[in-house]
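Right, one structure below, let's go through it.
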Amino acid sequence: MHELRLHNTLSGKTEPFVPLVPGEVRMYTCGPTVYDYAHIGNFRTFVFQDILRRYLRQRGLKLKHAMNLTDVDDRIIANAAAAKVGIREYTEKFVQAFFADCRALAIQAPEHWIRATDHIPAMVELIERLQRKDFTYASEGSIYYRIAKFPAYGKLSKIDLSGIQAGARVDNDRYEKENARDFALWKAPKPGEHFWETEIGPGRPGWHIECSAMAMQYLGETLDIHTGGVDLAFPHHENEIAQSEGATGKPFVRCWIHAEHLLVEGEKMSKSLGNFYTMRDLYGKGFKPSALRYALGSVPYRRQLNFTFDGLEQATNSVARLRNFADRLEQGRFPAGSPSGFHRRAEQALSEFDAGLADDLNTAVALGAAFDLLREANTAMDSGQFGQEDAGAVRRFLTAFDEVFAVLPDDDAAKLADLGFAAADGAVSPTEIEALVAERQVARQRRDFARSDEIRKELADRGIILEDNKDGSVRWKRK
Ligand code: AMP
Ligand code: ZN
């Protein structure tokens, strides 16, 4: 295993990552705000954190990972009030949709999925702690954080505080980013809107206090890793630091990791440009969950990801190549041993794969190692220079590969069916293919070539190509 190095926004450097408690990583991810369906940009960030999570586990680390669902914020409250339903009722549909999207993208469930509205008491307690230390002041029923009281403010985002006006306040959680302001920890209720009756008065939490309170409740006062998209570094994460460190006096997070944004065809994704997509929009256009996961994960997280339909087609082909190769490996009949020592090549590829991921999660290098191996293994198989021992080593590579990339199981049709998309492409399962191939073998043995051709044609119409090997065995692959 290579030394793991990660880019820490706080230090501005790529540095060795060593968890505070040996063998265990405490990690927090800012989850979605469930006022609508999450979009592909959000999922770029969530696939990145999943790859990080999976790779940490592959390295033998135990994960304590919490991810929140922001199910109360300005937009949710306004939308729920307009729809005349409670906020829990309003958000439920989007919470379930988010879980379903995560399952389709093979995003592992964190150890703790937590909802903001289940943790109001922890937020109130944290605000009280800040009140006792004089980090807060009240105004018109709301409670604000006094950032002048926290000299380290700005250390994460390196924002220039020279122009800061003492006492300038902002109520909106997601404000314009040119300058720092005192932000609301607790917001006074507005007529007709949802609020909680608490020890610090009636109202509702600000967005930033949620993450501080929940992260510390589940993971302790100092976390190893905190992730999110780059847009969250300021003000959200800067405010999380101010709140948590103000209250505890301890470092809140040791390593902050931020994923760059996804652009669509070179432009910012926005509803007005008409280039705004949810996962479901893309499934509706016939793309598969595995191709989306691959496309989102293939670009290293610190580079902007330019999402294009061409790129998605290429991702579809890459996944098909990987799966065809895995099928060939399973179905092939290889001689015993290792005729040309190819297994050493597979072991080297595994080392390159690990080196790529250990280097700040360079997924492009890790994928390069996989495709080089695949090409060379195909050549070795074609020339009979590939034995069972080699197959074992290549299988070990594919297992490690898929622990992180999670695209090999051929389960797209089932996932799409779960999401309510009919398997319109007549997707055919490996079991069904094997059964038809076996039936065709029997037909050929009794020289029933009409039936044998019929089966070949039926499979071809459903996207499966058969190749008859010289030794009488049959290999199938998807077109
Ligand atoms: P939100 O639901 O707005 O709180 O965002 C959820 C996550 O998606 C956050 O980590 C954001 O930083 C991230 N995010 C939002 N837009 C994009 C984008 N275009 N590309 C990548 N990540 C994004
Ligand atoms: Zn957060």
Side-chain angles (χ1 to χ4, degrees), residues 9 27-52 65-76 79 91 94-95 97-98 101-102 105 107 110 112-116 119 123 126 156-157 172-175 177 183 185 205-219 223 225-244 252-253 256-271 273 275-279 292 295-297 299-307:
T9 312
M27 169 158 125
Y28 185 86
T29 298
C30 290
T33 307
V34 282
Y35 74 105
D36 203 342
Y37 294 103
H39 57 66
I40 55 172
N42 301 135
F43 279 108
R44 196 265 162 121
T45 295
F46 298 134
V47 167
F48 141 71
Q49 65 77 26
D50 183 62
I51 288 177
L52 172 61
H65 179 197
M67 181 154 161
N68 72 308
L69 296 161
T70 297
D71 61 352
V72 50
D73 92 329
D74 302 334
R75 291 166 296 185
I76 290 172
N79 290 1
T91 54
F94 301 116
V95 170
F98 181 70
D101 283 343
C102 285
L105 287 174
I107 292 175
H112 306 283
W113 270 127
I114 46 189
R115 293 175 71 145
H119 297 81
M123 299 173 205
L126 184 56
L156 178 71
S157 56
N172 193 343
D173 290 328
R174 293 172 194 248
Y175 53 94
K177 302 188 175 174
F183 55 93
L185 296 164
W207 173 36
H208 317 296
I209 197 74
E210 269 183 33
C211 287
S212 284
M214 292 191 285
M216 293 199 290
Q217 177 176 335
Y218 287 88
L219 306 172
L223 326 184
I225 297 179
H226 193 314
T227 68
V230 275
D231 57 311
L232 299 192
F234 180 81
H236 184 51
H237 292 162
E238 201 69 72
N239 292 351
E240 280 188 42
I241 293 176
Q243 296 164 151
S244 307
F252 174 45
V253 172
W256 286 92
I257 309 183
H258 291 104
E260 267 297 338
H261 268 179
L262 172 145
L263 305 176
V264 177
E265 309 276 354
E267 299 201 71
K268 187 170 186 290
M269 186 167 60
S270 79
K271 287 200 169 136
L273 287 172
N275 64 0
F276 179 95
Y277 300 108
T278 64
M279 292 294 133
L292 274 155
L296 294 174
V299 176
Y301 76 93
R302 283 212 299 138
R303 280 192 226 150
Q304 283 189 336
L305 188 158
N306 187 21
F307 177 88

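Both ligands and their constituent atoms are indexed starting at 1 by order of listing.
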Paired with I107, the side chain to side chain contact (heavy atoms under 4.5 Å, CB included) test is passed by just one of D101, I51, D50, namely D50
The criterion is side chain to side chain donor-acceptor pair (under 3.5 Å); which residues satisfy it with H258, sequence neighbours excluded?
T9, H237
Report the protein N/O/S neighbours of the Zn ion (ligand 2) that fall below 2.8 Å; do not count waters.
C30 SG, C211 SG, H236 NE2
Could you tell me whether Y37 and Y277 have their ring centroids closer than 6.0 angstrom?
no
Which residues pass the side chain to side chain donor-acceptor pair (under 3.5 Å) test with H112, sequence neighbours left out?
none
Quick check: do W113 and C102 have side-chain heavy atoms less than 4.5 Å from each other?
yes
Please give me the minimum heavy-atom distance between I114 and A66, naming the atom from each residue.
CD1-CB, 4.1 Å
Nearest heavy-atom pair of T45 and A259: which atoms, and what distance?
OG1-CB, 3.9 Å
Heavy-atom side-chain contact between E260 and V299 under 4.5 Å:
no
Applying a heavy-atom distance cut-off of 4.0 Å, which protein residues contact ligand 1?
G31, P32, T33, H39, G41, N42, T45, F46, R174, G228, G229, D231, L232, E260, H261, L262
Centres of the H39 and F307 rings: under 6.0 Å?
no
